[in-house]
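Beneath this line is the structure, given in structure tokens, with notes to follow.
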Amino acid sequence: MGYAGGATPVKQFYTEASSTLRTAIGGADAAGPIVMLKGVTINPSGAGCHVRIYDGSTTGGTKIYEIKLSDSAVYQEYISAVGIRCQNGIYIELVAGTTSVSVIWQ
């Protein structure tokens, strides 16, 4: 049975600190280089939560996603169709007020 969204099924990655997307939670291998961002779940530690996601890194990469939350409610967003294509892997930056971020990727 084939998967209509691509050659591989979607995966989930969870982090409590700024991090490069890994192939497994707690793993050492970076995912990619080409990956698709399919969804984001953010767990704020309070008002003023701020998260950025980059194609690549914070220094040489391109910012593809940014959100600032004004309350402490958990936030989820699913990206339709094929997602956001990242040529150089994904870097998740927890800027402020964030307990954890979970991304869905392919």
Side-chain angles (χ1 to χ4, degrees):
M1 175 179 199
Y3 174 68
T8 59
V10 294
K11 298 175 179 76
Q12 184 260 353
F13 177 76
Y14 170 88
T15 185
E16 295 178 347
S18 295
S19 175
T20 298
L21 178 69
R22 305 288 176 186
T23 56
I25 298 169
D29 297 328
I34 299 173
V35 295
M36 307 298 279
L37 178 64
K38 307 285 280 186
V40 179
T41 301
I42 299 170
N43 184 15
S45 59
C49 173
H50 187 185
V51 174
R52 293 182 192 126
I53 299 178
Y54 294 85
D55 176 352
S57 67
T58 58
T59 54
T62 303
K63 185 172 31 174
I64 59 164
Y65 185 93
E66 181 172 21
I67 190 158
K68 295 179 182 179
L69 302 173
S70 59
D71 61 23
S72 59
V74 171
Y75 176 82
Q76 288 186 317
E77 182 172 4
Y78 298 99
I79 299 162
S80 63
V82 296
I84 300 172
R85 183 181 175 96
C86 298
Q87 295 286 112
N88 304 296
I90 292 177
Y91 184 81
I92 305 150
E93 180 183 24
L94 282 58
V95 180
T98 309
T99 300
S100 63
V101 172
S102 181
V103 297
I104 303 297
W105 65 279
Q106 182 175 33

**Study point:** Inter-residue atom distance Gln106.CD - Leu37.CG, 0.5 Å rounding
**Key:** 11.5 Å

**Study point:** Shortest non-hydrogen contact from Glu93 toward Thr58
**Key:** OE1-CG2, 3.8 Å

Exercise for review: Mind checking the OG-NZ spacing from Ser80 to Lys38? Nearest 0.5 Å is all I need.
Suggested key: 9.0 Å

Review point. Does Tyr78 sit in a hydrophobic cluster with other residues, and if so which ones, taking ILVMFWY side chains as linked at heavy-atom separations under 4.5 Å, directly or through other members?
Key: none

Review point. Is there a path from Phe13 to Tyr54 through hydrophobic residues (I, L, V, M, F, W, Y) whose side chains come within less than 4.5 Å of each other?
Key: no

Practice item. Could you tell me whether the side chains of Tyr14 and Gln12 share a donor-acceptor contact shorter than 3.5 Å? Key: no

Check your understanding: So, do Val40 and Ile53 sit near enough that their side-chain heavy atoms are less than 4.5 Å apart?
Key -> yes

Check your understanding: Can you get from Leu21 to Leu94 by hopping between Ile, Leu, Val, Met, Phe, Trp and Tyr side chains that sit under 4.5 Å apart?
Key -> yes

Check your understanding: Short question: side chain of Ser72, backbone of Pro44 - any donor-acceptor pair under 3.5 Å?
Key -> no

Practice item. Would you check if the side chain of Asn88 reaches a backbone N or O of Asp55 as a donor-acceptor pair within less than 3.5 Å? Key: no

Check your understanding: Should Ile67 and Val95 be regarded as members of a common hydrophobic cluster, given that ILVMFWY residues are connected when their side-chain heavy atoms come within less than 4.5 Å of each other, either directly or indirectly?
Key -> no

Point to revise | Distance-only donor-acceptor check, side chains His50 and Glu66, under 3.5 Å | key: yes

**Study point:** Heavy-atom pair of closest approach, residues Cys49 and Thr98
**Key:** SG-OG1, 3.1 Å

Study note, to complete from the structure: Closest non-hydrogen contact found for Ile64 with Cys86 is CD1-SG, 3.3 Å

Exercise for review: To the nearest 0.5 Å, tell me how far Ile104 CD1 sits from Lys11 NZ.
Suggested key: 11.5 Å

Exercise for review: Taking all non-hydrogen atoms of both residues into account, name the closest pair between Ile79 and Gly39 and its distance.
Suggested key: CD1-N, 4.2 Å

Point to revise | Minimal non-hydrogen separation, Thr15 against Ser19, with atom names | key: OG1-CB, 3.6 Å

Check your understanding: Which atom pair, heavy atoms only, marks the closest approach of Tyr91 to Ser18?
Key -> OH-CB, 3.3 Å

